[in-house]
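Counting starts at 1 for both ligands and their atoms, in listed order. Not measured: the values here are computed from a predicted model.
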Amino acid sequence: MRYREAAVTITDDTAWAAVMRRDRTYDGRFVTGVLTTGIYCRPSCAARHPDRGNVRFFTDCAAARAAGLRACKRCLPDDVGRDEAAVLAAIDEIRNAQDVPSLAVLAELTGYSPTHFQRIFKRAIGLSPASYARALREERARNSLSAGESVTGAIYEAGYGSASRFYENTKGRLGMTASAWANGGAGVTINWAVVETSMGPMLVAATQKGVCRLSFGEDESELARRFPKAELVEGGDGFAKLLAEVVASVEAPGDFSHIPLDVKGTAFQEACWDALRAIPPGETRTYSEIAAAAGNAKAVRAAGSANARNNVAVLIPCHRVVRKGGDLGGYAYGPDIKRELLKRERR
Ligand SMILES: [Zn+2]
């Protein structure tokens with residue numbers, strides 16, 4: 001069974017893997033029904049995992065209820081939408097208030113108890129409301145760094161229709177390193193290497209956080225052009241293991257979602273990159289489908305530009321985007337590499 005989520009589908013295997021990880025980014029995208037107990041849960045429910053054989057996935061709470069299941073009292077799956085609205089309302093309040101609103105004020109605004117509200121906010125954003133407010137202030141202070149979209153501004157941008165998309169795009173992204181990205185890599189050490197692959201020389205570069213550039217036919221000079229203020233270090237002990245994983249995933253494509261990335265774009269670009277990463281290996285999508293999956297079906301050209309601005313080839317699989325009608329379409333590193341990547345993934 002497959003669940004439609006804009007242009008991207010979630011398979012049972014993906015759903016089960018998300019349940020096993022208690023992955024909150026999947027909350028709101030499906031619910032887990034447990035036939036033996038008669039309840040349904042968020043994917044992230046903290047309760048003990050049911051046996052796989054007793055589980056059925058439903059696209060939403062209504063479908064689970066229609067099958068005769070009741071909501072879990074522990075994870076309250078029916079509240080996903082309400083939680084999202086509360087968090088968005090609080091963000092709005094924090095962004096627009098003159099002084100930082102207290103937790104009590106935010107709780108009152110959203111109708112939750114302070115402790116409960118603190119918990120759902122932290123679950124969604126990864127920071128407490130107070131830390132978020134602090135990060136926002138700091139970011140505003142250094143906003144002159146970049147003409148680009150700011151991190152905290154990004155989650156505020158329109159087009160974030162669903163809770164899941166909102167969670168996906170904020171999770172782990174409120175790190176303070178965004179300013180380094182905006183500022184040519186100032187203060188950041190980037191380890192890099194050029195390795196020979198079956199598709200020609202490949203440049204891999206990574207910060208402490210993850211891969212920040214993967215490209216074909218480039219060398220250190222291109223890296224220096226993109227990150228003029230970063231310290232560029234060829235090789236490195238910690239880097240070698242990551243490099244090996246990256247090379248393996250290019251030579252024998254499979255699931256490489258575990259490889260950490262350090263990328264930064266506008267909210268819409270990042271939503272497009274997430275949509276690219278959600279395309280199963282061996283499948284392709286059109287720009288319109290990526291735009292729809294990123295939350296704005298009309299932004300087809302912007303989706304194309306997000307594709308072009310992808311810094312991390314292969315791992316953000318922009319090669320899986322083709323023209324309507326099946327024509328291969330363009331690729332930054334030429335059609336041969338694109339064709340070869342797709343061919344390997346279809347095996
Ligand atoms: Zn539950």
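Legend: protein N/O/S atoms lying under 2.8 Å from the Zn ion (ligand 1), waters omitted, number 4.
Screening residues 187-197 for side-chain hydrogen bond (donor to acceptor under 3.5 Å, both in side chains) gives Thr189-Glu231 as the qualifying pairs, with residues at least two apart or on separate chains.
Remark: Asp60 does not engage Arg29 in a salt bridge, criterion side-chain N to carboxylate O under 4.0 Å.
The backbone N or O of Asn54 lies less than 3.5 Å from no partner atom in the side chain of Asp51, so there is not a single donor-acceptor pair.
If you take CD1 on Ile190 and CD on Glu234, they are separated by 14.0 Å, rounding to the nearest 0.5 Å.
In this structure, Arg82 is positioned above the aromatic face of Tyr112, its NZ or CZ under 6.0 Å from the six-membered ring centre and within 45° of the axis.
In the displayed structure, Arg277 atom CZ is contacted under 6.0 Å by more than 12 heavy atoms of other residues, nucleotides or ligands.
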